Amino acid sequence: MHSGLLTRSFRKTYPVAIRGQGVWIYDADGNRYLDFAGSAAVNFIGHGDQRIGAAVTEQLKQLEFVHSSQFVTPIARQFADEVLAFAGPDFSGGAVFFVTGGSEAVETALKLARQYQVEVGQPQRTNLLSRKQAYHGATFGAMAVSGNRKRKQIYEPLLRQFEQVNTPYCYRCAYGCIDCAGKYATEVEDTLSRKGNDTAAFIFEPVSGATLGAAVPPDRYLQLAALTCRAHGVLVIADEVMSGFGRTGRNFAVEHWSVAPDIITCAKGIASGYAPLGAVIANKKVVDAISGGSGSLVHGFTYNAHPISLAAGQAVLAIIRKQNLVCCVDSSEGETGKAMKTQLQRLLECAAVGDVRGLGLLWGVEFVSDKQAKAPFAPSLQFSARVASAAAKRGVMTYPMQGCIDGELGDHLLLAPPAIITSDEIAWAVDQLSAAVNEIHYEVSHP
Ligand SMILES: Cc1ncc(COP(=O)(O)O)c(C=O)c1O
C-alpha cells in the first residue's frame, strides 16, 4: 500500500509497530518481537513503562515549551544537575547542554570544542581528529568526523576532510594484538605531532557502536590517547551516544578505563526512546573558558532543553537508579550482563560466527564464511541483513550492519537489549538467533 511516509528503504516492507511492553514490540498483524537490539541501542528501561507517561503528562500540564534564549525551566536545571552527578566527580563544576538526539549532541560538542579553543587564544585550531570505522551522526559536522564509509561516501564532496586514525579492532587487529594499545595510541601521538597545534579536539566512541559492532579497545589505549591529547592542548570528546547511560555496565563507558574526557555526548539511553533527547556534558575547564571569556555560546537549536523530553529523561534516570540497572548490566558482576555474555558465546558454535565481542549489553556478532581464515561473506550475499530477517521471522529484532572490515566487507549484528531483559529471554533470543544464522548459512552454501 502506498503511503506518503518517506521510509528508509523503498524495497522493504516494514511491520507496523503499535505497542511495546517490557522487551516486546507488537505489530498490527498480531506478531511480537523481542527487542534484542533496543531498536538501535536506544531502549534501556523496557517499553511501555507507564511511569514515563505520567511524568511527561505532568510536565505537559504545567508547561510544554519555552525558548532557551528567553527562559530556563525548573526541569532543565534539575535534570542538568542530575546528569552532571551521574557523570561523576570529573564533571563537578561543569554543565550540560540538552539537545534532541545524538547528531545534535555531536555537532554541539564539536562547536563547543572549537569555541573553547578560540576563547583560550588558540584560534588556529581548526581541525578535528577522529577515527576510521566510527559513526558520530547524520549531520554534516558529525559525518565529517565519522568513518562509516557507506553512510558517508556520496556526501564526501560536500564535507571537510579531517585526519583519522585506526580504531582498535581486536578480532582483526592491525598490529596482531602485540602491544596494540600502545601502537594505536601512537597513531594519535604521531598525528598530533604533525597537526597538534591545529587540532581542536579528538572524538571517539569508547566502545565502537554500529560500524565495528561493539569492538572493545585494549586496556591502556584510551588512557594513552587521552594523555597525548592533553599534552597537545587537544580536547577529548567521548561520544557515548550509544555506550552511555549504563549500556556497558558503567554510567559511561570511559569509566571502564578511568578516562576523564572534557566533553561527553549522549542520547539514546538518556531517555530510553521515550522522547527525542540528547545531551552534551562539558567539564569545568570548558565551561569556565566560555563563561569567563566571551560569556555566551555561539550555538543553539530551537528545541534545546525541551521540557517534555527532559521530563522523560528525568523519569528514565530515576528508574535506572531505582532498579539499579547499571550494575545489573555489568558483564562480570551483574546478572543480566553475565547472562548476555555467557549466552552469546554459544553463537560461536555456529560455523558462520567468527567473533562475539562486547561489554555489558552492547554486543557485536561478526559472521565469516571461513573461521580459520576469518574470511568474510561476499557483500552481495547480504549475510547480516538476511540473518536479521530470519531472526525477525522467529520473533527477535537485531541491528544488522555491513562493512566492519573496510567499509564494504564484513557482516555483523549489533545486539543491545533493554536492561530489564531476563536470563530466560536472553537464552530464548540466542536460540532463535542461532537457528537464523544456521538457516542463512545453509542457504548461502547451497545456492
Ligand atoms: C556513537 C554515535 N554517535 C552519534 C550517533 C547519532 O545519533 P542520532 O542518530 O540520534 O542522531 C549515533 C547513532 O547511532 C551513534 O551511535
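These figures come from a predicted structure and were not determined experimentally. Residue numbers run from 1 in the order of the sequence given. For the numbers below, each heavy atom of this structure counts, side chains included, while hydrogens, waters and symmetry mates do not. Every number for a ligand or one of its atoms is a count from 1 in the order of the listing.
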Legend entry - Parallel, tilted or perpendicular: rings of F98 and F79 (30°, 60°): parallel

Legend entry - N or O pair under 3.5 Å between E205 and ligand 1: no

Legend entry - Check: R151 N/O within less than 3.5 Å of ligand 1 N/O: no

Among side-chain atoms of [X] and [Y], is any donor-acceptor pair under 3.5 angstrom?
| X | Y | answer |
| --- | --- | --- |
| H136 | S130 | no |
| H299 | T108 | yes |
| Y33 | D27 | yes |

Inset, instruction - With atom 12 (C) of ligand 1 as the reference point, say which of T100, V241, V145 has the nearest heavy atom. - result: V241

Inset, instruction - Would you indicate which of A134, A40, G102, S146 comes nearest to atom 8 (P) of ligand 1 when only heavy atoms are counted? - result: G102

Legend entry - Nearest protein heavy atom with distance in Å, relative to atom 9 (O) of ligand 1: S103 OG, 4.4 Å

Legend entry - Donor-acceptor under 3.5 Å (Q117 side chain, G233 main chain): yes

Legend entry - Ring-face cation of K374 near Y171 (centre distance under 6.0 Å, axis angle within 45°): yes

Inset, instruction - Cation-pi check, R247 to F44: give yes when NZ or CZ is under 6.0 Å from the six-membered ring centre and within 45° of the ring axis, no otherwise. - result: no

Legend entry - 4.0 Å heavy-atom contact, K268 with ligand 1: yes

Inset, instruction - Mark the output for G137 as yes if a heavy-atom distance to ligand 1 is under 4.0 Å, and as no if none is. - result: yes

Output the list of atoms in ligand 1 that are nearer than 4.0 Å to some heavy atom of [X], sorted by atom number.
| X | value |
| --- | --- |
| H136 | 3 (N), 4 (C), 5 (C) |
| M242 | 16 (O) |
| D239 | 1 (C), 2 (C), 3 (N), 4 (C) |

Legend entry - Which segment of E104 sits under 4.0 Å of ligand 1 when only heavy atoms are counted: neither

Legend entry - side-chain hydrogen bond (donor to acceptor under 3.5 Å, both in side chains): pairs with one or both residues in residues 204-229, sequence neighbours excluded: R131-Y221, N148-T211, D219-W257

